[in-house]
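We use all heavy atoms of the structure for the numbers below, so side chains are in, but hydrogens, waters and symmetry mates are not.
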Amino acid sequence: MFKTRISLRALLISSFLALGLILVLAYSLVSKEHFIRGLDAAMATNMEKTARTFSEVIGPGQREQAREFSGFDVAMQWASLPAYALEAFPGGPGEPGQLLKKEGSSWFSRPSFVIFAMRYETASGPLYLSQKLTPPAASELLPQAARQNRLLTLTVSILVIGFILTVGWLLLRHVSRPMAALRAWTHSLNNDKLSQPVPDFSYPELNEMAELIRNSLSTVEQALDRERRFLKHASHELRTPISTIRSNIELQRKLTQKREKYEDEKSIVDRIDRASLTMKHLTETLLWLNHEPDTPLQSEAVDLPGLIRELAGEMSYLLAGKPVTTEISTSSYSCTVPLVPARIILGNLIRNAYQHCWEGTVVIDQQEGRVTISNPVEPDAQNQSPVSSENTGYGLGLELTTTLSQRIGWHYTAKREGNYHRVVVETETSRDS
């Protein structure tokens, strides 16, 4: 299932924007509530002043009947108030000074009426006051105050959002720049920069992360460098004893030609010869492993059929004592390719065919830039092999066949067809044609 990933920058921007909107909404609700409560407090104060004035101006004998005074309906009994108050508050105010309010409105609409009621205690008894406000009779000061409150709320909201966005932008700028610098520095790391001190990325956490990255890559690079040095030294050190072995073999062959050659001496020389050839190919493989991936390879004109026949002749010792014949078919063809990797690829494939064939015919067919090698393979042939691939050193070269083919632009495929194993190597020229 595909999962959308959001960038850290987008996450921070959306978080700051959501925080700003939440703060503005909360402030707007609080501001509205404070505005309404302020109006209610002003109404309660006004009703209290009206009740005091009423008790001072109107004598006790004139208070029995409900009357309108200073815009309020005033009565000594709750039941004497107009019907709108009795319907809005059936029980009446329970405590002195308690303001009752009822408005006819929904959440987003303007109220159609507002009813207020309050009880006020005097020396001669309680007074009940009520008032019903409707839009035509409402004071002109209330809409003006409401407009001023909305304007103030809008202004403060814009300022708050602007302040949050400004702070968020500055924070992102100060954080994103060091993070972008850390990312660019990580992508540009190489052997030279790994040995240099870590740049300052402004924040201790980023500096610590950069130090961890540098230390990790340095550890890996040191391990690879140790392996490269070992590979280089081992391969070069092997070349001297190999040259000594092969030169002494040639000397031994010349000496035995001048006297009677004993059969056991011949077999000893043959074994030494095979071992030296194996070491030679292994050394070429190790030297190839030591090449840098970006190092350009020196190409030269290679006689492909001549190279195949030469390698087949060198590997013929693997067929000694086996009822195996070889069938080599070649055509005149020359290609420009690095010689060492070409020898390793073809030598490994021919060696593999000879080594794992116990009877039958190994067929090597070369038509221009296409080389096909097939050999019969028994299911348990590898277990019957007197000389395993580990002992011959062949396994290391076989693992490099695909990699080396890709490196020099050749195409290598291998498949099993019944009891036959077939490999095909195509040079880049043959594939293009």
Side-chain angles (χ1 to χ4, degrees), residues 2-50 71-72 88 97-118 131-185 199-209:
F2 180 74
K3 184 178 180 181
T4 304
R5 294 182 179 272
I6 185 172
S7 64
L8 180 60
R9 184 184 184 89
L11 177 63
L12 291 177
I13 291 176
S14 58
S15 300
F16 277 112
L17 185 59
L19 176 62
L21 293 176
I22 291 174
L23 289 177
V24 168
L25 180 61
Y27 175 79
S28 300
L29 294 176
V30 171
S31 176
K32 176 186 175 183
E33 187 67 21
H34 277 252
F35 175 71
I36 294 176
R37 290 190 180 188
L39 293 179
D40 293 345
M43 177 61 72
T45 302
N46 193 17
M47 294 178 75
E48 184 179 1
K49 290 181 180 180
T50 301
F72 294 95
Q98 179 183 2
L99 179 67
L100 301 180
K101 182 181 73 169
K102 182 178 181 180
E103 59 183 34
S105 66
S106 59
W107 183 260
F108 295 105
S109 63
R110 184 179 180 183
S112 58
F113 65 87
V114 181
I115 300 175
F116 296 96
M118 191 179 71
Q131 186 182 47
K132 182 178 182 180
L133 300 176
T134 57
S139 173
E140 295 182 357
L141 296 177
L142 293 180
Q144 182 179 0
R147 284 194 298 270
Q148 293 177 352
N149 183 70
R150 287 195 296 269
L151 180 60
L152 177 62
T153 302
L154 180 61
T155 303
V156 173
S157 300
I158 293 175
L159 291 177
V160 169
I161 292 179
F163 175 75
I164 292 177
L165 291 178
T166 302
V167 172
W169 178 76
L170 292 175
L171 182 60
L172 283 175
R173 182 181 180 184
H174 283 281
V175 173
S176 62
R177 282 187 175 181
M179 292 182 65
L182 174 61
R183 180 181 179 182
W185 175 79
D200 184 17
F201 294 104
S202 303
Y203 298 99
E205 293 82 2
L206 296 181
N207 291 334
E208 183 178 358
M209 183 181 297

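For the atom pair CG of N46 and OG1 of T50, the computed distance is 4.5 Å after rounding to the nearest 0.5 Å. Between I115 atom CD1 and K101 atom NZ the span is 12.0 Å, to the nearest 0.5 Å.
Here the closest non-hydrogen pair linking D40 and L99 is O-CD2, 3.3 Å. Of all heavy-atom pairs between Q131 and M43, the closest is OE1-CE, 3.5 Å.
The neighbour count for E208 CD, taken as heavy atoms of other residues, nucleotides or ligands under 6.0 Å away, does not exceed 12.
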